[in-house]
Each structure stands twice: as structure tokens, then as C-alpha cells.
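Here is the structure we will look at, set down as C-alpha cells.
Scope of the values below: all heavy atoms of this structure, side chains included, with no hydrogens, waters or symmetry mates.
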Amino acid sequence: MIDLDLLRDDPDRVRQSMEAKRIGDPATVDRALDLDRQRRRAVTALNDLQRRQGELGREIGPLMKAGQRDQAAPLVEQSNAVKAQVKEHEETVRQLDADLRAAMLEIPNTLHPSVPVGGEDANRIEHEWGAKPTFDFEPLPHWEIAERHGLVDFERGAKVTGAGFPFYMGKGARLQRALIGLFLDLAGEAGYTEVEAPILVNEASGIGTGQLPDKEGQMYHVTGDDLYLVPTAEVPLTNLHRDETLDAGSLPVLYCGYTPCFRREAGSYGKDVRGLNRLHQFDKVELVRFVRPEESYEHLEALLADAERAVEALGLPYRRLTLASGDLGVTQAKTYDLEVWSAGQQRWLEVSSVSNFEAFQARRANVRFRPEEGAKPEFVHTLNGSGLALPRIVAALLENGQQADGSVVLPPRLAQAAGFDRIG
RNA sequence: GGAGAGGUGGCAGAGCUGGUCGAAUGCGUCGGUCUUGAAAACCGAAGUGCCCUCACGGGUACCGUGGGUUCGAAUCCCACCCUCUCCGCCA
């Protein structure tokens, strides 16, 4: 949710962000402003009536206590009349509140000035690291390598659950476990507190981080208990402090957590979804920061560095993009993507998305802090980044590490964590 | 899942035979007096959201959440959520 004061003071900026992000209808801004004006008028009227009701009640009280019902009768009659009006106005305010909130939830976060405006082709490549491997043979895509070594069983996953829910077998499974451990260790070294979180969350949490109502169809919904499977650990980790006022001295708060992630990926089909490229269930280590607003862009860079360190630990060539406005979601003010080079497919695969949400999530989730003793609570800024998502990392490791004899060599740091340095 | 108890301000804990209750009291916090300084003692301050106001200030709502009864609800009724105790079940 954006700041209502910003909407009132600078609606043009809000509209421009909507247009640049290509999200929503800019007319929503005017609708929200209109609802806001109506609501304030209604609240003022309601408060006046409530005051009158209180006055009458305080006059009636002593009379009733003294048994002077007759004297109280006309006042009671008045009070009943006011009560009816109060009820009416309450309903009006309730409706306007709901409408305004709905409109506000439709308005995406504003952009940081450094975000390039445009569509996907305006994404800015900032940095490239590592050398793409070269081969004196035709490198295979990871799904063929995985099949050859029995690392991932897509068919049986499809039988047991459905497409996009693979089994990892043997060294494939051990690799997952080693990567999760390695990523959590790296985050721990960087100062993050490790968290094991619930992987089912309630509706309020979905709203808090912005998955609801915007991306309703993307989460698996457990209807029996009205809970949602997490699409990322960002949801539980950020909602951990929902409706809290944090101690200023505790900031910044840094959490890392591993969870399986569940995404319906409704509407995404095509050749780029083969193998491990896009799954309904996958593993990811997520990094989350709660910070003071004035420091959030420094933290964005620090968080980015944390994610890059993880890729570099694996020796995978990668590049960093600053996402253009059109590629940003509802909630982000600025996002960097990290993409690793996947030699068998000859393409870049997104493995991390590092974002500053400024106060957008904090306002929805009501996470605040008190800047100093006695000061008013303010919203924190929240940030998060993958550190990292596993499947495409595994894809790149298999494709980049493949040898002429069909075996796969693992990078040293991973070999150490996994307990083996070669597959096949 | 069954039976019972309970959810009050930063914490603890009254109030719950409805009527200036945003709410006693204690602890903690902050300011002051005293002291060379500190402690103790004493005095005082201090919640959050929303609305009106340039401001000073004022109004209103909030005692788990949402409804209801009533002229009036922290106090009564209903539903839900959560915590605790006992029983059952169980990795």
C-alpha cells in the first residue's frame, strides 16, 4: 500500500508509476482521492453524532440511577434518534473504508528514480561476472544430464503429484540438501539470523506482503483451513513482525530462511519451462531485511552483495540486471535480478531477485519502529532477495560442470558441502 | 477431538452484581526535587489509529476479533481466533 498522504499531495507521481509499471488503471488514483474525501466527510459527521450520543448518555445515567425515569424519557427518545443516525453513518463509513482500501490495494508501489522506464528490453545490465565455460563437445541441457545420472525423476513426480513436482534422487537429493546448507551458512556469516518458518500462511499474511489480493491465483489455497502454501519464504519471514512496533535499537533485523516454495504458475507454458527451469514446488533460501527508511537503499546494495556472494561461491558466471519499470511487480520500488549462465541451454536463468519494497509492505503488514524514545512510530522499510533459488542453480551447475565423458564436476565449495566432488 | 479456565495499557494485575473506565495498583520507562555523584524517597509525565485545526488544541474509536442486547458495555449475550489445565489421539 502506498502512503495516503503521498496520494493526496502528489497524485501525478503515483499515476506516473502506474503507467511506467503498466499495472492497473491510473483512473484508480482519482477514484481513491474521491473516496478519501467522502470518507473524511463521513467520519467527521459520525464523530459529531457519537459525541452527541455520549453527552445524552451521561445526562441519562444519573437520572436513571435516581429513579427519575420520567425526566429521562425525552432524553432517551433523543438518544434513540441519534442512535439510528449513528448506525447509518457507521455503515456509510464502513463502506467507504472498504472501498478506499480496495482502491489503495490496487495502486502499485511508486518507483525509485534510478529505475529505467520501459518494458523488458529496457532492463539494464549492470555487471557480468565469471567466464562462460567452453566445451570441445556439444553441451547437454540439464534435464538430459539429470536423467542420465538419475538425479531428478520428473515422470514419477508427475505420477505422484503432477507436472512440476519432481523427485530428486540420490546425489540429486544430496545436492539440494548441500546447497540449502551452504546458502544458509553463507547468510549466517553475513549476519542473518536463521529462521525455520511455517510454510502455510493465513490470508492476512498474504495481504501483508502483497501476494493477496493481487496474485490470488498464483498461490495454492488450502480451502479446508483457508491457508495458503507459501510461494516464497518472504511471506512468513516478513509477516513475522506483522502488527509490531520494533525497537529502534534492534534495526536492522536480518533473517534468512529456507522453505520449499509453491507456485501455481498459472498461464506460463512454453519451452523455457523444461526440466528445472520452472516448477510448482522448489527450494529456496530467502534473505529478508527490516531497516530504517533512510538506510534502505544502502541495504539494497548490501543484500545484493549477499546474493552475489552465493553465486560466486559456486563459481557460476552471472549477470546483474536492474529491472525496468515494466518488469517490476506491484510491490517493488526497485529490483535487481541475478541471472546465471546455463551452458547447455545457452541462456541466462534468473536465480535471484533482490528488491526494496520501501514502506509498501510495512504499511500493509503494519510493521513499525520508534525512531527514538517518545517519538511517533514510523513504518520500516522491508527488503528481500533470494539467496538463492535452487532449481536453476542446479541446472547451471550440471550444464556448466559437464565433462566430455558425461560426468559432472562440482565447484570446490559445493563439493565440500555435499561430500562428493563429481557425479558420474 | 472432549471438558474446564482465561485473553485488559511496555510487563504484572484489578475491574466483569452495566453509568465521566482509556481504565485502579505495582513494576519498568522518561523528566524534576534532593545528593559531590548514584541509590532511596518524593513530585510529575507518558498508549495507538482516525477526524477537525496553519497551529494551540479539540473530537472519536480502541480492554483478543466480529456481531448483538441497552439510553449507556471492558463489564450481559452469540460466533470465531488464541493461550493454559485435564482427558483422548499422535510424529
Side-chain angles (χ1 to χ4, degrees), chain A residues 1-9 32-105 196-208 212 222-228 236 239-251 253 260 359 362-380:
Chain A
M1 189 130 49
I2 61 160
D3 186 356
L4 189 53
D5 285 331
L6 173 68
L7 186 77
R8 289 169 184 161
D9 296 344
L33 283 170
D34 185 50
L35 286 165
D36 176 45
R37 276 188 292 269
Q38 287 186 51
R39 191 191 78 92
R40 283 196 276 179
R41 212 177 305 131
V43 166
T44 304
L46 173 62
N47 283 173
D48 286 344
L49 287 165
Q50 284 170 325
R51 175 163 47 79
R52 181 67 192 135
Q53 202 178 22
E55 285 164 2
L56 287 167
R58 279 188 290 276
E59 287 178 50
I60 293 167
L63 292 173
M64 294 297 252
K65 235 178 179 172
Q68 297 171 302
R69 288 192 84 87
D70 295 350
Q71 289 202 38
L75 294 173
V76 169
E77 201 174 316
Q78 274 189 60
S79 181
N80 275 324
V82 175
K83 179 160 72 158
Q85 283 181 283
V86 166
K87 204 152 198 173
E88 213 172 289
H89 279 73
E90 275 177 346
E91 184 48 44
T92 306
V93 169
R94 201 196 323 266
Q95 189 59 51
L96 287 168
D97 269 336
D99 292 349
L100 175 59
R101 182 174 167 77
M104 290 298 284
L105 285 174
E196 181 164 316
I199 58 176
L200 284 167
V201 294
N202 57 28
E203 185 189 20
S205 295
I207 291 171
L212 296 174
V222 182
T223 53
D225 295 282
D226 198 18
L227 295 171
Y228 296 85
N239 279 284
L240 180 64
H241 289 303
R242 176 150 51 81
D243 292 324
E244 290 182 23
T245 301
L246 301 174
D247 183 15
S250 68
L251 296 178
V253 173
R363 200 171 286 111
R364 284 179 168 226
N366 190 28
V367 184
R368 300 181 294 173
F369 76 107
R370 209 178 287 281
E372 51 197 286
E373 186 82 36
K376 284 239 167 247
E378 267 181 57
F379 291 112
V380 300

(Q) Tell me every residue that passes salt bridge (charged side-chain N to carboxylate O under 4.0 Å, His left out) with A:Arg51, counting only those two or more places apart in sequence or in another chain. (A) A:Asp48, A:Glu55

Q | By side-chain hydrogen bond (donor to acceptor under 3.5 Å, both in side chains) - contacts of A:Asp243 (at least two apart) | A | A:Asn366

(Q) Between A:Glu90 and A:Lys87, does any side-chain N to carboxylate O distance fall below 4.0 Å? (A) no

(Q) Going by side-chain hydrogen bond (donor to acceptor under 3.5 Å, both in side chains), name the residues that satisfy it together with A:Asn47, two or more places apart in sequence or in a different chain. (A) A:Gln50

**Q.** Separation of atom CG in A:Leu46 from atom C1' in B:A61, rounded to whole Å
**A.** 9 Å

Q: Using the C1' atoms only, state how far B:U70 lies from B:C77, rounded to an integer number of Å.
A: 12 Å

Q: Tell me the partner of B:G37, counting only Watson-Crick (N1-N3 plus N6-O4 or O6-N4) or G-U wobble (N1-O2 and O6-N3) with both under 3.5 Å; none if nothing fits.
A: none

Q: Taking atom C1' in both B:A12 and B:C63, compute the distance separating them and give it to the nearest angstrom.
A: 16 Å

Protein-nucleotides 69-72 of chain B N/O pairs closer than 3.5 Å?
| residue | atom | partner | partner atom | Å |
| --- | --- | --- | --- | --- |
| B:C71 | O2' | A:Ser79 | OG | 2.3 |
| B:G72 | OP2 | A:Lys83 | NZ | 3.4 |

Q) Looking only at atom types and distance, does a side-chain atom of A:Arg370 sit under 3.5 Å from a main-chain N or O of A:Ala375, one as donor and one as acceptor? A) yes

Q) Mind checking the P distance from B:A38 to B:U29? Whole angstroms is fine. A) 15 Å

Q | Rounded P spacing from B:A46 to B:A23 in Å | A | 11 Å

Q: Write down the distance between CZ (A:Arg94) and C1' (B:A61), rounded to a whole number of angstrom.
A: 13 Å

Q) Taking only residues two or more places apart in sequence, or in another chain, which ones meet A:Asp9 in a salt bridge (charged side-chain N to carboxylate O under 4.0 Å, His left out)? A) none

Q) What distance, rounded to whole Å, do you find between the two C1' atoms, one in B:G64 and one in B:G7? A) 6 Å

**Q.** Pair partner, B:C56 [Watson-Crick or wobble, under 3.5 Å]
**A.** none

Q) When the C1' atoms of B:G13 and B:A24 are considered, how many whole Å apart are they? A) 10 Å

Q | G-U wobble or Watson-Crick pairing nucleotide for B:C42 (cut-off 3.5 Å, both distances) | A | B:G32

Q.
Looking at B:G26, which nucleotide sits across from it as a Watson-Crick or G-U wobble partner, both distances under 3.5 angstrom, or is there none?
A. B:C11

Q) Tell me: CG of A:Asn366 to P of B:C62, nearest whole Å? A) 18 Å

(Q) Applying side-chain hydrogen bond (donor to acceptor under 3.5 Å, both in side chains), can you list everything that pairs with A:Arg40, at least two apart in sequence or on another chain? (A) A:Asp36

Q) Between the side chain of A:Arg364 and the main-chain N/O of A:Ile207, is any donor-acceptor distance below 3.5 Å? A) yes

**Q.** Any strand: nucleotide that pairs with B:A3 via Watson-Crick or wobble, under 3.5 Å
**A.** B:U85

Q: Name the pairing partner of B:U20, where a pair is Watson-Crick or G-U wobble with both distances under 3.5 Å, or state none.
A: none

Q: Round to a whole Å and report the spacing from CD of A:Glu90 to C1' of B:U60.
A: 11 Å

Q: Could you tell me the separation between the CD atom of A:Gln50 and the C1' atom of B:G58, rounded to a whole number of Å?
A: 15 Å

Q | Separation of atom NE2 in A:His89 from atom P in B:A61, rounded to whole Å | A | 15 Å

Q: Name all pairs fulfilling the side-chain hydrogen bond (donor to acceptor under 3.5 Å, both in side chains) condition that reach into residues 66-78 of chain A, sequence neighbours left out, sorted by first residue then second.
A: A:Arg52-A:Gln78

Q.
With rounding to the closest Å, how many angstrom separate the P atoms on B:A74 and B:G66?
A. 14 Å

**Q.** Exercise: identify the closest heavy-atom pair between A:Ala42 and A:Thr92
**A.** CB-CG2, 4.4 Å

Q) Which one is paired to B:U48, where only Watson-Crick or G-U wobble pairs with both distances under 3.5 angstrom count? A) B:A61

Q) Does A:Asp247 have any side-chain hydrogen bond (donor to acceptor under 3.5 Å, both in side chains) partners at least two apart in sequence or in another chain, and if so, which? A) none

(Q) Does the structure show a Watson-Crick or G-U wobble partner for B:C90, both distances under 3.5 Å? Name it, or say none. (A) none

Could you list, one pair per line, each protein nitrogen or oxygen that sits under 3.5 Å from a nitrogen or oxygen of nucleotides 48-55 of chain B, together with the distance?
| residue | atom | partner | partner atom | Å |
| --- | --- | --- | --- | --- |
| B:U48 | OP1 | A:Arg370 | NH1 | 3.1 |
| B:U48 | O3' | A:Arg368 | NH1 | 3.3 |
| B:G49 | OP1 | A:Arg368 | NH1 | 3.2 |
| B:G49 | OP2 | A:Lys376 | NZ | 3.3 |
| B:C50 | O3' | A:Arg39 | NH2 | 2.8 |
| B:C51 | OP1 | A:Arg8 | NH2 | 3.3 |
| B:C51 | OP1 | A:Arg39 | NH2 | 3.0 |
| B:C51 | O2' | A:Thr44 | OG1 | 2.5 |

Q.
In whole Å, measure the gap between the C1' atoms of B:A73 and B:A61 for me.
A. 14 Å

Q.
From CZ of A:Arg52 over to C1' of B:G58, roughly how many Å is that when rounded to an integer?
A. 18 Å

